[in-house]
Amino acid sequence: MKIATWNINGVKARIDTVLSWLEQSAPDIACLQEIKSVDENFPREAFEALGYNVETNGQKGFNGVAIFSRLPFDEVNRGLPGDDDDEQARFIEGVFSTSNGVLRVVSLYLPNGNPVDSDKFPYKLGWMDRLDAWARERLALEEPLVLAGDYNVIPMPGDCHDPAVWEGDALYRPESRGAFRRLANAGFTDALRAVTDAPETYTFWDYQAGAWQKNNGIRIDHLMLSPEAANRLESVDVEKHVRGWEKPSDHVPVVAQMAF
DNA sequence: ATGGTTGACTTTCAA
């Protein structure tokens, strides 16, 4: 089974690109972020025509996450618990039945957090605290769980082209990286780092200043696996070539092959 | 070079 995460930067602008990718990469489960669409306007029929079940948690203009799955959804949970006042659509969980038992998959879009002197940075850190608390509850189930998404966190210096330029940025601040490590320390495996220590394996290149041409990228899209999921990991592919397509997203898909 | 690009959407904001 192939499980993918991809920040598509707008489903309306990216629909043809996403359809082409689904046909070529053929994930069994695709976790998408930044759909930038409300649920009522999401072009679900185009994706259903390719054989996917579609569940979304959208909002107007910004954010929004989705899960496409060849397996039917047994259960769908929208929104990260822990703050009833949080109206940003950044979290959706799907529960599936596989031939090897239950599988839980989350598509998450973690807040960017910049600028760090605004309320956006504490919102990011608070969101990470809530994710940590939610994830620890799920770990107690001892089930395969994949936390897939755009974490907006550069975990290590080797995950960016030039660490010096990221000093002080919300994606690289010690608080952000520390919260990401706490999640890992709770018992989640960074899928890519489980299979390779290769530096300069990026998942995002800014549209500006020729970042793609200069390979000035960062690794911020991650698949975090519970022990039961990590034990079924076979390989991970960062589909870098997708960044070179016409009308690309600024992120590329990260795809895990898993034994389900 | 204090810039640069893209998307959603009114006018700038978010990234």
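Keep in mind that the numbers below use all heavy atoms, side chains included, and drop hydrogens, waters and symmetry copies. Lettering follows sequence order; numbering is per chain, from 1.
Contacts of A:Phe204 with the nucleic acid, taken as non-hydrogen atoms under 4.0 Å apart, are absent. At the heavy-atom level, A:Arg90 lies under 4.0 Å from the strands shown only through sugar-phosphate atoms.
Nearest-nucleotide positions on DNA chain B place A:Asn9 closer to the 5' end than the other of A:Pro111 and A:Asn9. Both A:Ala209 and A:Ala13 lie near DNA chain B, and the one whose nearest nucleotide falls closer to the 5' end is A:Ala209.
Following rounding to the nearest Å, A:Lys36 (NZ) and B:dA14 (C1') show an atom-to-atom distance of 7 Å. Rounded to a whole Å, the CD atom of A:Gln33 is 14 Å from the C1' atom of B:dA15. One can place CG of A:Asn63 at 17 Å from P of B:dG7, the figure rounded to the nearest angstrom. Nucleotide B:dA8 holds its C1' atom 12 Å from the CZ atom of A:Arg14, rounded to whole Å. What separates NE2 of A:His251 from C1' of B:dA14 is a distance of 12 Å, to the nearest Å. Rounding to whole angstrom units, CD of residue A:Gln208 and C1' of B:dC13 are separated by 14 Å. The CD1-C1' distance, from A:Ile15 to B:dG7, rounds to 15 Å in whole Å. Rounded to a whole Å, the CG atom of A:Asp169 is 16 Å from the P atom of B:dA14.
Judged purely by distance below 3.5 Å, without hydrogens or angles, the side chains of A:Lys36 and A:Asn9 pair a donor atom with an acceptor atom.
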Checking A:Asp39 against A:Arg44 for the salt bridge (charged side-chain N to carboxylate O under 4.0 Å, His left out) test, could you report, in this order, the C-alpha distance in whole Å, the side-chain angles of both residues, the deciding distance, and whether it holds? CA-CA 9 Å; A:Asp39 296 338; A:Arg44 58 168 51 242; over 6 Å; no
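In this structure, A:Asp190 pairs ionically with A:Arg219, as a charged nitrogen and a carboxylate oxygen lie closer than 4.0 Å.
Nearest nucleotide to the A:Phe62 side chain, out of B:dC13, B:dA15, B:dT5: B:dC13.
In this structure, the separation between CG on A:Asp221 and CZ on A:Phe204 is 9.0 Å, given to the nearest 0.5 Å.
Linking Ile, Leu, Val, Met, Phe, Trp and Tyr whenever their side-chain heavy atoms come within less than 4.5 Å leaves A:Ile220 and A:Met128 in two separate clusters.
A distance of about 24 Å separates the P atoms of B:dT12 and B:dT2, rounded to the whole Å. Nucleotides B:dG3 and B:dG7 are separated by 22 Å at their P atoms, to the nearest Å.
Contact check, A:Lys247 against B:dT6: no side-chain N or O comes under 4.0 Å of OP1 or OP2.
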